Amino acid sequence: MWKLPMFGETNVDTILAELESCHAAHPNNHVRLLGLDNYAQCAGASMVIFRGKTV
């Protein structure tokens with residue numbers, strides 16, 4: 001987990017900036033975005049944004 005969850009964030013540019021800063025800090029690791037559904041209390045979306053280096 002990169003930082004505390006960004007609950008209620010609606011600005012896409014802020015989310016993308018966090019993804020890019022995570023990738024810059026850890027360029028060899030996968031960076032995955034997990035979107036949570038606060039009504040169903042489960043993951044609504046999950047995707048890999050940056051792939052880490054493969055061996």
Side-chain angles (χ1 to χ4, degrees):
M1 193 165 182
W2 170 244
K3 285 186 172 181
L4 292 175
M6 300 173 73
F7 294 123
E9 183 62 54
T10 58
N11 187 359
V12 177
D13 293 329
T14 304
I15 296 168
L16 291 175
E18 284 297 321
L19 290 169
E20 290 173 359
S21 64
C22 179
H23 178 63
H26 305 284
N28 297 329
N29 298 336
H30 285 38
V31 176
R32 182 177 68 168
L33 176 66
L34 179 65
L36 301 174
D37 183 349
N38 61 340
Y39 294 108
Q41 299 293 314
C42 64
S46 177
M47 63 192 86
V48 174
I49 305 299
F50 294 105
R51 290 182 59 192
K53 290 185 179 180
T54 56
V55 179

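Everything quoted here is computed from the prediction, not taken from an experiment.
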Would you say that [X] contacts [Y] through its side chain, given a criterion of any heavy-atom pair below 4.5 Å between the two side chains?
| X | Y | value |
| --- | --- | --- |
| Glu20 | Phe50 | yes |
| Met6 | Thr14 | yes |
| Leu19 | Trp2 | no |
| Leu33 | Val48 | no |

Ignoring hydrogens and geometry, is there a side-chain-to-backbone donor-acceptor pair from His30 to Gly52 under 3.5 Å? yes
I'd like to check the side-chain contact (heavy atoms from CB on, under 4.5 Å) partners of Gln41; sequence neighbours left out, ordered by chain and number. none
For Leu16 and Val12, what are the C-alpha separation, side-chain angles and deciding distance, and is it a side chain to side chain contact (heavy atoms under 4.5 Å, CB included)? CA-CA 6 Å; Leu16 291 175; Val12 177; 3.9 Å; yes
Please round to the nearest 0.5 Å and tell me the distance separating atom CZ of Arg32 and atom CE of Met1. 11.0 Å
Considering all heavy atoms, the nearest Pro27-Ala24 contact: CD-O, 3.7 Å
Considering non-hydrogen atoms only, spot the tightest contact between Ser46 and Leu34 and give its length. CB-CD1, 3.8 Å
Grouping I, L, V, M, F, W and Y whenever their side-chain heavy atoms are under 4.5 Å apart, do Val31 and Met47 come out in a common cluster? yes
